[in-house]
Amino acid sequence: MLLGSITSFIEAHSQWALLIMFGLLLLESFGLPVPGETALIACSVLASQGALPIVWVIVVAILAAIIGDNLGYWVARKGGRRLLSHTRFTRRYAEHYLPRGERFFAKHGGKAVFFGRFVAVLRVTAAWTAGLSHMHWWRFFFWNALGAIVWATMVGLVSYYLGDAAASAIGRYGLYAAGGALVLTAIGYLIVKRIERRVVEKE
């Protein structure tokens, strides 16, 4: 399993754990399909075992996500269209889809950038799409930073407090599934406390 492999690797190189996570998250946010979120989960689980400070795990993750996304945005904005003009296929793709992308990002760009942080495929492509569409940088930066802060904090704390089970759920099914697991856990806790209270009242 990928999460187990990443966790074992980071554990074996614990002195470099935050740097490894930073690099993977930066590359993933830039636009490369590497296991950045998995590294964040692995470091958060290790933090729950006392191997790393969870505050620094979250702070480093936020910085890596913001820096990587902004690098991807500017590379796409400055040189993305030239890259797309190199072949007939990519030129046709650009002519067909870029005007739609520009209209979409003009209307929904902030939401797309924010929520894209929580979806694996969009996490890799959102910055490039925003850059190619020439979304205003200050608007991109605001929603990107906000998404990175919320995402890194949620993934980090869920993995830290709920441990391996929640981390596996996030790694396999995404943050929303882990959120569902958290809700079910909370409901189960409330049911147990209610039963316990009734038993006490009967006694």
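Worth knowing before you read on, the calculation uses all heavy atoms, side chains too, and leaves out hydrogens, waters and symmetry mates.
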- [ ] Let me see the working for Val113 and Arg139 under side-chain contact (heavy atoms from CB on, under 4.5 Å), right down to the final yes or no.
- [x] CA-CA 10 Å; Val113 170; Arg139 191 162 173 246; over 6 Å; no
- [ ] For Trp128 and Phe30, indicate whether the former's side chain and the latter's backbone hold a donor-acceptor pair under 3.5 Å.
- [x] yes
Task: Exercise: identify the closest heavy-atom pair between Val60 and Leu18 - done: CG1-O, 3.8 Å
Open item on the list: If I compare all heavy atoms of Val57 with all of Ala47, which pair ends up nearest, and what's the gap?
Closed with: CG2-CB, 4.5 Å
Task: Residues that Phe114 engages under ring pair (Phe, Tyr, Trp, His ring centres under 6.0 Å), provided they are two or more places apart - done: Phe118
Open item on the list: Please find the pair of heavy atoms, one from Gly156 and one from Ile58, that lie closest to each other, and give the distance.
Closed with: CA-CG1, 4.4 Å
Task: Rounded distance (nearest 0.5 Å) linking atom OH of Tyr73 with atom CG of Leu132 - done: 10.5 Å
- [ ] Ignoring hydrogens and angles, tell me if any N or O in the side chain of Asn70 forms a donor-acceptor pair with the backbone of Ile66 under 3.5 Å.
- [x] yes
Open item on the list: Give me the atom names and distance for the closest heavy-atom approach of Val45 to Ser159.
Closed with: CG2-O, 4.1 Å
- [ ] Could you name each residue pair satisfying side chain to side chain donor-acceptor pair (under 3.5 Å) that touches residues 50-67, not counting sequence neighbours?
- [x] none
- [ ] With sequence neighbours left out, write down each residue that passes side-chain contact (heavy atoms from CB on, under 4.5 Å) with Ile67, or none if nothing qualifies.
- [x] Phe22, Leu26, Leu71
- [ ] Sequence neighbours left out, what passes side-chain contact (heavy atoms from CB on, under 4.5 Å) with Ile149? Give chain and number order.
- [x] Ile62, Thr153
Open item on the list: Under the rule for ring pair (Phe, Tyr, Trp, His ring centres under 6.0 Å), what residues qualify as partners of Phe142, not counting sequence neighbours?
Closed with: none
Open item on the list: Rounded to the nearest 0.5 Å, what separates atom CZ in Arg77 from atom CZ in Phe140?
Closed with: 11.0 Å
TODO: Please round to the nearest 0.5 Å and tell me the distance separating atom CE of Met21 and atom OG of Ser44.
DONE: 7.5 Å
Open item on the list: Measuring from atom CG of Asp69 to atom CZ of Arg123, what distance do you get when rounded to the nearest 0.5 angstrom?
Closed with: 10.0 Å
Open item on the list: Please enumerate all residues that pass side-chain contact (heavy atoms from CB on, under 4.5 Å) together with Ala65, with sequence neighbours excluded.
Closed with: Ser29, Arg117, Ala148, Trp151
Open item on the list: I need the minimum non-hydrogen distance between Glu28 and Val34, along with the two atoms involved.
Closed with: OE2-O, 3.2 Å
Open item on the list: I need the Leu52 CG to Tyr160 OH distance, nearest 0.5 Å.
Closed with: 10.5 Å
Task: Note, Cys43 side chain near Leu40 side chain (heavy atom, < 4.5 Å) - done: no
